[in-house]
2 protein chains.
Amino acid sequence: MATTNNIANTGSGPIVPEVVIQRLPRYVRVLTQFADSGEKVISSEQLGTRLQMTPAQIRKDLSYFGRFGKQGRGYDIAMLEGQLRTILGLDRTWNAAVVGMGRLGRAVVSYPGFAPEGFNILAAFDASDDIVGQTISGLQVRSISELKTSVQNLDIKIGIVTVPIEHAQEVIDALVDAGIRSILNYAPLSPQVPKGVTVRGIDPVLSLQSMTYYIR
Amino acid sequence: MATTNNIANTGSGPIVPEVVIQRLPRYVRVLTQFADSGEKVISSEQLGTRLQMTPAQIRKDLSYFGRFGKQGRGYDIAMLEGQLRTILGLDRTWNAAVVGMGRLGRAVVSYPGFAPEGFNILAAFDASDDIVGQTISGLQVRSISELKTSVQNLDIKIGIVTVPIEHAQEVIDALVDAGIRSILNYAPLSPQVPKGVTVRGIDPVLSLQSMTYYIR
DNA sequence: GGTAGTTTGTGATACAAAGCACACACCCAT
DNA sequence: ATGGGTGTGTGCTTTGTATCACAAACTACC
């Protein structure tokens with residue numbers, strides 16, 4: 001799975017390849033690091049070294065969105081980071097909901113890495129009556145039957161799926177039905193989604209299974 | 001990060017593109033599901049529908065490794081699954097070690113999805129004296145100073161990195177130094193590794209950050 | 001056992017992404 | 001203010017990947 005997507009190029013401008021979009025957050029991350037270490041300017045050469053890619057590719061990628069650099073100098077770090085964040089929609093916060101409050105779901109809602117990046121988990125859902133009503137990491141677990149209304153009331157834009165594989169497709173269908181167009185899927189399947197919905201899969205087993213080819 | 005790799009095409013035969021290798025585990029997964037539901041034979045068409053890809057691509061991918069199908073019929077499910085598992089090195093078990101026993105490392109060692117797929121976590125490491133010696137999910141946490149000897153004694157082939165970002169690169173260096181050539185990295189950076197070492201990154205924040213582009 | 005209907009395996013083709021290389025812009029030192 | 005040095009932006013080339021399309025191989029049914 002790793003990274004399924006039915007592209008829906010938002011906004012106007014040229015059509016940007018999805019691979020490019022997927023690289024942008026990595027640029028943002030490195031820019032943030034350089035900014036933190038007090039640097040003001042960075043060249044595509046330096047970025048490339050850090051990210052293990054050619055400077056030309058970085059310049060090409062950036063050129064899809066504008067001309068951010070100065071010849072003979074490089075890129076102003078703060079400015080470029082800001083531009084990229086705006087392009088990616090990271091200049092605001094996003095509300096998310098987690099569906100499936102088993103072991104994995106609990107780990108996800110208590111993961112401290114989302115909020116600092118502007119992803120706020122505002123709701124947790126589960127199908128089991130034993131779990132609904134419990135409070136986990138400060139979230140009152142809701143019944144899946146409330147999914148659609150909660151998504152609308154809380155302005156939730158991202159769904160995170162942590163249910164067992166046998167319920168994953170139906171949960172994803174429910175999220176789509178509720179109007180969600182971005183799904184982070186922890187279940188080990190390639191879900192079917194309509195065009196316009198983006199799904200990213202998190203699947204450590206798949207990653208391991210393709211690595212063994214190189215060491216077998 | 002998502003999926004960095006310095007290719008090292010093992011064995012002989014033609015050079016197989018890495019994208020192809022990364023798709024094979026997905027084929028294996030679907031084949032297992034079909035086998036479980038009692039099917040005996042499957043066509044590239046059916047596989048394609050399930051995986052949201054063209055039948056031609058599946059046939060091309062498989063053709064890198066041999067001729068597994070029968071015209072007018074399709075593929076024998078059990079046979080193809082077995083072949084692919086052998087190709088990927090999944091016809092055996094693999095020993096892994098987790099480095100970093102914080103919140104994330106604990107979640108990883110207690111994740112029940114690895115063992116059924118033949119990935120056995122045999123050792124856990126941490127740098128902190130407070131944690132070394134503790135038993136977590138049946139594993140006695142060892143000091144990182146023992147990394148190299150443990151890797152050798154326990155025949156560990158896979159390293160799983162769950163340390164904070166500021167120690168990730170040094171831990172990865174230590175794993176490489178210990179002879180590890182396959183690393184699953186949960187830390188949010190693009191690590192530098194020598195050629196011949198494969199790193200796969202698990203990074204939900206990066207996934208989210210590239211999805212927002214499509215809904216912004 | 002012949003024929004209609006499938007589905008594979010694969011060259012050829014089309015499409016997409018990455019890399020090259022250089023004109024041009026800008027900085028800085030003098 | 002002028003010139004040497006540096007690094008961008010981008011058209012062009014190369015490399016890589018996906019798709020097409022069809023002959024060949026097999027099945028099933030009469």
Side-chain angles (χ1 to χ4, degrees), chain A residues 2-7 9 13-24 26-27 30-31 34 39-77 79-81 83-84 87 210, chain B residues 2-7 9 13-24 26-27 31 34 39-77 79-81 83-84 87 190 210:
Chain A
T3 179
T4 310
N5 180 35
N6 298 39
I7 305 177
N9 251 292
I15 286 100
V16 183
E18 184 175 352
V19 265
V20 174
I21 299 301
Q22 299 207 45
R23 281 193 291 263
L24 298 187
R26 314 212 287 126
Y27 301 161
V30 172
L31 289 168
F34 270 91
E39 301 290 324
K40 294 279 175 256
V41 172
I42 193 170
S43 68
S44 57
E45 178 79 37
Q46 291 171 282
L47 268 168
T49 303
R50 185 69 86 91
L51 289 165
Q52 309 256 239
M53 55 200 295
T54 65
Q57 181 164 61
I58 292 169
R59 296 199 301 273
K60 249 281 162 65
D61 283 357
L62 297 179
S63 77
Y64 279 104
F65 305 97
R67 306 161 60 120
F68 306 115
K70 287 237 191 310
Q71 280 96 330
R73 196 164 154 69
Y75 303 89
D76 180 285
I77 292 178
M79 183 277 264
L80 182 56
E81 183 187 343
Q83 292 283 336
L84 291 179
I87 290 163
S210 64
Chain B
T3 179
T4 310
N5 180 36
N6 299 39
I7 304 179
N9 252 292
I15 287 100
V16 182
E18 184 177 351
V19 266
V20 174
I21 299 301
Q22 298 206 45
R23 282 193 291 262
L24 298 187
R26 313 212 287 128
Y27 301 161
L31 289 168
F34 270 92
E39 300 291 322
K40 294 279 175 252
V41 173
I42 194 171
S43 68
S44 58
E45 178 79 37
Q46 290 171 282
L47 269 168
T49 304
R50 185 68 87 91
L51 289 165
Q52 309 256 238
M53 54 198 296
T54 65
Q57 181 165 61
I58 291 169
R59 296 200 300 273
K60 245 288 157 60
D61 284 356
L62 297 179
S63 77
Y64 279 104
F65 304 98
R67 307 161 59 117
F68 305 116
K70 286 235 192 313
Q71 280 97 328
R73 199 163 151 70
Y75 302 88
D76 180 286
I77 292 177
M79 183 277 263
L80 182 56
E81 184 186 344
Q83 293 282 337
L84 291 180
I87 289 163
S190 310
S210 65

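These numbers come from the heavy atoms of this one structure, side chains and all, not from hydrogens, waters or symmetry mates. Labels below follow one simple rule: chain letters A, B, ... track the order of the sequence lines, proteins then strands, and each chain is numbered from 1.
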Whole-Å distance separating the [atom1] atom of [X] from the [atom2] atom of [N]:
X	N	atom1	atom2	value
A/Arg73	D/dG9	CZ	P	13 Å
B/Glu45	D/dT19	CD	C1'	14 Å
A/Asp61	D/dG9	CG	P	12 Å
A/Phe65	D/dT10	CZ	C1'	16 Å
A/Gln46	D/dT6	CD	C1'	12 Å
A/Met53	D/dT15	CE	P	19 Å
B/Leu62	C/dT8	CG	P	9 Å
B/Glu18	C/dA18	CD	P	13 Å

- Task: Measure distances between side-chain N and O atoms of A/Arg59 and base N and O atoms of D/dG9, and say whether any donor-acceptor pair falls under 3.5 Å.
- Result: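 Looking at the base of D/dG9, it does pair with a donor or acceptor on the side chain of A/Arg59 (distance under 3.5 Å).
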
When only distance counts, do a donor and an acceptor, one from the side chain of B/Lys60 and one from the base of D/dT19, lie under 3.5 Å apart?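 Answer is yes: a donor-acceptor pair is held.
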
OP1 or OP2 of [N] sitting under 4.0 Å from any side-chain N/O of [X]?
X	N	result
A/Tyr75	D/dG9	yes
A/Arg67	C/dA25	no
B/Arg23	D/dA18	yes
B/Ser43	C/dT7	no
A/Ser44	D/dT8	yes

Choose from [options] the nucleotide whose nearest atom is closest to any side-chain atom of [X].
X	options	value
B/Gln57	D/dT19, C/dT10, C/dA17	D/dT19
A/Val19	C/dC28, D/dT19, C/dA17	C/dA17
A/Lys70	C/dA18, D/dT17, C/dC26	C/dC26

Subject >> Separation between CG of B/Leu84 and OH of B/Tyr75, rounded to the nearest 0.5 Å >> reply: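 Going from the CG atom of B/Leu84 to the OH atom of B/Tyr75 covers 10.0 Å.
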
Q.
As an exercise, state the distance from CE of A/Met53 to OH of A/Tyr27, rounded to the nearest 0.5 Å.
A.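 So the gap between those two atoms works out to 3.0 Å.
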
- Task: Hey, which sits more toward the 5' end of DNA chain C by its nearest nucleotide, A/Gly72 or B/Gln71?
- Result: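 On the 5' side of the pair lies B/Gln71.
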
**Prompt:** Between A/Gln57 (side chain) and A/Thr54 (backbone), is there a donor-acceptor pair under 3.5 Å?
**Reply:**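 Side chain of A/Gln57 to backbone of A/Thr54, a donor-acceptor pair under 3.5 Å: no, none is there.
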
**Prompt:** Can you name the closest pair of heavy atoms from B/Leu51 and B/Arg26 and give their distance?
**Reply:**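 Shortest heavy-atom contact: CD2-NH1, 3.8 Å.
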
If you compare all heavy atoms of B/Ser210 against all heavy atoms of A/Gln22, which two are closest, and at what distance to 0.1 Å?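 Minimum heavy-atom separation between B/Ser210 and A/Gln22: CB-CA, 4.0 Å.
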
